[in-house]
There are 4 protein chains.
Amino acid sequence: MAFLPQVDICRNILDVTRRLLIEQGTTRLSIRMIAREVGCSVGTIYVYFENKDVLIHALIEEGFDKLVEMQEQTEKAVSDPLQRLSALCRNYIRFAMQNPEYYEIMFMLKPERMARYPAEKYRKARHSLEIIAAALEQCGRRGLMSVAEPYLEAHLIWAFMHGVISLIGVKRIDRRFEQDEITEAAIQRIIEMNLKRK
Amino acid sequence: MAFLPQVDICRNILDVTRRLLIEQGTTRLSIRMIAREVGCSVGTIYVYFENKDVLIHALIEEGFDKLVEMQEQTEKAVSDPLQRLSALCRNYIRFAMQNPEYYEIMFMLKPERMARYPAEKYRKARHSLEIIAAALEQCGRRGLMSVAEPYLEAHLIWAFMHGVISLIGVKRIDRRFEQDEITEAAIQRIIEMNLKRK
Amino acid sequence: MAFLPQVDICRNILDVTRRLLIEQGTTRLSIRMIAREVGCSVGTIYVYFENKDVLIHALIEEGFDKLVEMQEQTEKAVSDPLQRLSALCRNYIRFAMQNPEYYEIMFMLKPERMARYPAEKYRKARHSLEIIAAALEQCGRRGLMSVAEPYLEAHLIWAFMHGVISLIGVKRIDRRFEQDEITEAAIQRIIEMNLKRK
Amino acid sequence: MAFLPQVDICRNILDVTRRLLIEQGTTRLSIRMIAREVGCSVGTIYVYFENKDVLIHALIEEGFDKLVEMQEQTEKAVSDPLQRLSALCRNYIRFAMQNPEYYEIMFMLKPERMARYPAEKYRKARHSLEIIAAALEQCGRRGLMSVAEPYLEAHLIWAFMHGVISLIGVKRIDRRFEQDEITEAAIQRIIEMNLKRK
DNA sequence: TATGAATGAGCATTCATTCAT
DNA sequence: GATGAATGAATGCTCATTCAT
C-alpha cells in the first residue's frame, strides 16, 4: 500500500460517479454506492467533495469543459464554414452518445430540482451555442446561407440535436431505424434547413 | 367531512401526484408526500393503487390517452394536409407545455431506471407518430411535399419538437427568446424542411 | 351466484387459513391473504371471527377435537393393551404428519406470545395424554409392563413423539433416514422402554 | 456517554436481540425494537449487521459454537462412556433450558420460512450428534450397550431430548411435574433404552 | 350478511451527512 | 488526509382492525 501511491482518489471518485450515473441517475446514485465502488469509506468522499451536489456539479463542469474544448478545436481545425457547421453538429451528437452521463447532468436536469443550483456553471453551455452561431454567420457571409438571426437559428439546431439524442436515450426511436441513420438524417436536415434556396 | 364532499379520492390522488411530479420528479416523489397533500393516510393510497409504479403508470396511460385523442380530433377536424401537419405540431408542443408532468413521464423516463416498465403502455406513443406520418404522406400525395420515408420524417419532426420542449423544460433557452418565438420558429422550420423545393 | 349457495364461508375461511398456516406460520399469516385466497373481502372474515386470534383459536380447538376423537376411537377399537399403546402412538405421529398446520398451532405456540391465550382450550390436550396413561396402566395390570407412574410415563412418551415430529418438521433429520424409519424406530423404543424386563 | 462506556455496541445488540427473541420470536422481533432497547438509532444496527437475517444468523452461529464447545469439553473430560453419554444429554438439556432463545433459533425454525436460510451454519449441528453417536459406539465397544446403528440411535436420543425441551418450552407439561423430574426421567430412559439387556 | 374504503402504527431498509479519531 | 461509527429522517409497503353502507 505504501508503495502503491493513492494515485488520485479524487479522479477515481469522479470516474466511478460518472459510471454509476448512467445506471442510476442522480437521485438513485448514493454516496455509499460510490464509496463502495471506489473502495474507500464514505467519509473520504466528503474529504474531496463538500456534498453530493458539489460532486455532481464538478462533473457538470468537467463535461462542459470537454464539450467546449472539442468544439473550439473543430472551429479552428475546419475552415470551410459549411463543413465546420456539420462537423460541430456531428461532434455534439457523438459527445452525447459517448458520454451519456455527462450529457444527462449537463442538459437534462431541471434546475428547480437541484438543491444548490450553480447557475454560473451552466452559463458555459452558452459558448458551445455561440460557436454554432458563428459558423452560421460565416456561412451567411459567404452567401451559402441567409441566416437572419444566427443565435436563434443556433438554438433551433441545438434543440433538434437535443431531441434526437434524448429520444435515443429513452429508447423511443423505432427499432427499425439505426441510430446512425437517424442522427445523420437529422444533421442533413439541419444543414438543408438553413441552406439558401436557389 | 360532511361539508367537504369526498368527490373522488382516486382522482384526487392522481391530480396531486401530477402536481408533485412537476416539482419533484418520479424518484423524489414519495407516497407519504402524496398522502400528506391529499389529506389521507398512506394506506389509503394503496387502496387505490397497488404500488407507486402502478400509480405512475396510470398517469402515463392517462397522458397518452389525452394526447392521442387530441391528435385524432385534429386529424379529423383539419382537412388541408399542410395545415393539419402544423396543427398537429402546434398541439403536441402545447400539450407538452401545459402538461409538463404528463409529458415527462410519457417521454422522458429511461426505461432501464423504471423497476416495472410497462412497455405496452408506451406503445400507444406510436399512434401519435403515425398520425404525423399520415399527414406527411397526404402532403406528398397532394404534391406539396416529397417525403421519401414518411415514418422516418415523422421521427425527425418529433425529435425536433421534443428537443425544443426539453430545452424549454430545463430552462436552457436564452431568456431573450420568448417561448412562443422559439416554438413557432421550430414549427415553421419543420414545415419548410419538408416543403417541395421548386 | 344466486344459485350457487355460498356453501359455508366460515368453513372455507378455516380451510384456507389451515393451508396458509403451513407456508406462513401464524405471524406471517395475514387476514388480507386469507380474504384474497377465500375470495371474499377482509370485512367478511371479521363477520365470522372477531379477530385473527379467535380464528386461530377456532382451528386449535378443531385440531384437538380431531385428535382426541381419533384416539378415543382407537382406545375403543383395539382391545389388546400393548397393541393399543402402539396404535395410539402411531396415530399421534400420523396425525402430526398429515396435519402439520393443526399440529403446529396445537403444540408449538409459546403461550406468552399469544395475545389472547385460551388456556381452557389447551386443557383438552390432556385427554389425549390420559388415554395413553390408561393404556399404560392396562399394560401394567396385565403384567406386560411395570409402570410406576403412568401419567409421568405418558408425558415421556408424548415428549419422545413430539421430538421426532418436531425435528422432522424443521428438516433436521439426516437425509439418509426415511421418515418412516425414524418414526417406527421411535415407536419401537417407546414400547420397549416400558416393557417389563425379564 | 462519558459515564456509560459504550463497551461493545455489537455485543450489546446481540444480547438485546437474544433477550427480545425469547419474548417475541423471530418474526415479531423488529429492528426498531432492538434499537430502542439498545438505546441507539435504527441505522446503527445496520452499521453492525447487514440486515435482520444476518443478525439472527450471527446468533445462530454463536449458539452452535457454544453448544459444540460444551459437548467437546464433556467428551474430553468424562472418560467413562456411560457417564459421558448421560453427561452429554444432561448438558444438552441444560443448554436448552438456560438459553431458550439460542435453542429456538438453532433448532426450531422452519427452513422454508427463513428468507435467507444459512444452510452451512446449521450443518454445525451435526457435530453435536456425532459426539453422541461416538459415545454410543464406545459403550458398544465396552460391551455396555449393543447399538446396531449408533447414528440412528443418536438421532432418537436427540429427538427425545428435543421433545422434552420443546414441551417444557411451550409450557405443556403438567404442573404437577417439576422440570428436573421430567428431564431426569428422560435421561434415565435414554440410557436404559440402550443398555444391554442381560 | 357482506362489503371494501379508510386508518395509523408498524415494518425493513437506505440515505446524506457529521465528527471524533 | 482518511476513516467509519453514528444518526435521524425518509423510503415503499403491509398490517389488523373499524365502520358506514
Side-chain angles (χ1 to χ4, degrees), chain A residues 1 6 9-10 13 27-36 38-55 115, chain B residues 1 6 8-10 13 27-36 38-55 115-116, chain C residues 1 6 9-10 13 27-36 38-55 115, chain D residues 1 6 8-10 13 27-36 38-55 115-116:
Chain A
M1 288 299 166
Q6 271 298 51
I9 295 202
C10 184
I13 294 172
T27 332
R28 282 195 157 86
L29 174 83
S30 91
I31 297 288
R32 296 160 101 83
M33 277 173 53
I34 298 170
R36 202 183 309 133
V38 169
C40 69
S41 80
V42 278
T44 307
I45 309 282
Y46 283 89
V47 171
Y48 294 96
F49 301 93
E50 213 182 316
N51 57 47
K52 194 181 158 184
D53 291 338
V54 168
L55 170 52
Chain B
M1 289 296 169
Q6 268 300 67
D8 191 350
I9 294 204
C10 184
I13 293 172
T27 335
R28 280 197 156 83
L29 173 83
S30 92
I31 296 288
R32 292 156 115 87
M33 278 175 49
I34 299 170
R36 204 184 308 131
V38 169
C40 69
S41 82
V42 177
T44 305
I45 308 285
Y46 285 90
V47 170
Y48 294 96
F49 300 93
E50 216 181 312
N51 57 48
K52 193 184 160 184
D53 290 343
V54 167
L55 170 53
R116 288 162 269 201
Chain C
M1 288 300 165
Q6 271 299 51
I9 294 201
C10 184
I13 293 171
T27 332
R28 280 195 157 86
L29 174 82
S30 92
I31 297 288
R32 298 159 99 81
M33 276 174 53
I34 299 170
R36 202 184 308 132
V38 169
C40 69
S41 80
V42 278
T44 307
I45 309 283
Y46 283 89
V47 171
Y48 294 95
F49 301 94
E50 213 182 314
N51 57 48
K52 195 181 157 183
D53 292 338
V54 168
L55 169 52
Chain D
M1 288 295 169
Q6 268 300 65
D8 191 349
I9 295 203
C10 184
I13 293 172
T27 336
R28 279 197 156 84
L29 173 82
S30 92
I31 296 288
R32 294 155 112 87
M33 279 175 48
I34 299 170
R36 203 184 308 131
V38 169
C40 69
S41 83
V42 177
T44 305
I45 309 285
Y46 284 90
V47 170
Y48 294 95
F49 300 93
E50 214 181 314
N51 55 50
K52 194 182 159 184
D53 291 342
V54 167
L55 170 52
R116 287 161 270 200

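Just so it is clear, the structure is predicted and the values come from calculations on it, not from any experiment. Every chain is numbered from 1 and lettered A, B, ... according to where its sequence line falls, protein lines coming before strand lines.
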Nearest whole Å is fine: how far is [N] [atom2] from [X] [atom1]?
| X | N | atom1 | atom2 | result |
| --- | --- | --- | --- | --- |
| Arg116(D) | dA12(E) | CZ | P | 11 Å |
| Arg36(B) | dT7(E) | CZ | P | 15 Å |
| Ile31(D) | dC13(F) | CD1 | P | 20 Å |
| Arg28(A) | dA10(F) | CZ | P | 19 Å |
| Arg32(B) | dT14(F) | CZ | P | 14 Å |

Which sits closer to the 5' end of DNA chain F, Asp53(C) or Cys40(D), going by the nucleotide each is nearest to?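 Closer to the 5' end of DNA chain F: Cys40(D).
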Specify the residue among Met33(D) and Gly39(B) whose closest nucleotide of DNA chain E lies further upstream toward the 5′ end.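 Closer to the 5' end of DNA chain E: Gly39(B).
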Shortest non-hydrogen contact between [X] and [Y], atoms and distance:
| X | Y | result |
| --- | --- | --- |
| Ile13(A) | Phe49(A) | CG2-CE1, 3.8 Å |
| Lys52(B) | Thr27(B) | NZ-O, 3.6 Å |
| Cys40(B) | Ile45(B) | SG-CD1, 4.0 Å |
| Arg28(D) | Met33(D) | O-SD, 3.8 Å |
| Tyr46(A) | Asn51(A) | CE2-CA, 3.9 Å |

To the nearest 0.5 Å, tell me how far Asp8(B) CG sits from Tyr48(B) OH.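 Here the interatomic distance stands at 7.5 Å.
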Starting at CG of Leu29(C), measure out to CD1 of Ile34(C) and round the result to the nearest 0.5 Å.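 Going from the CG atom of Leu29(C) to the CD1 atom of Ile34(C) covers 4.0 Å.
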May I ask you to evaluate whether Ser30(C) reaches the phosphate of dT14(F), defined as a side-chain N or O under 4.0 Å from OP1 or OP2?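 No, Ser30(C) has no side-chain N/O under 4.0 Å of OP1/OP2 on dT14(F).
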Pick base, sugar-phosphate or nothing for Leu55(C), based on heavy-atom distances below 4.0 Å to the nucleic acid.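 Leu55(C): no heavy atom of the nucleic acid under 4.0 Å.
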Which part of the nucleic acid, if any, lies within reach of Ile34(A) when heavy atoms closer than 4.0 Å are counted: base, sugar-phosphate only, or nothing?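 The residue Ile34(A) makes no contact with any strand.
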Mind running a 4.0 Å heavy-atom check of residues 41-52 of chain B against DNA chain F and sending the residues that fall below it, in number order?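 Only Val42(B), Tyr46(B), Asn51(B), Lys52(B) qualify.
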Intra- and inter-strand pairs of DNA chain F in dot-bracket (Watson-Crick or G-U wobble, both distances under 3.5 Å; | for another strand): .||||||||||||||||||||
Any residue meeting side chain to side chain contact (heavy atoms under 4.5 Å, CB included) with Ser41(C), in chain and number order, not counting sequence neighbours: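 So Ser41(C) forms a side chain to side chain contact (heavy atoms under 4.5 Å, CB included) with Thr44(C).
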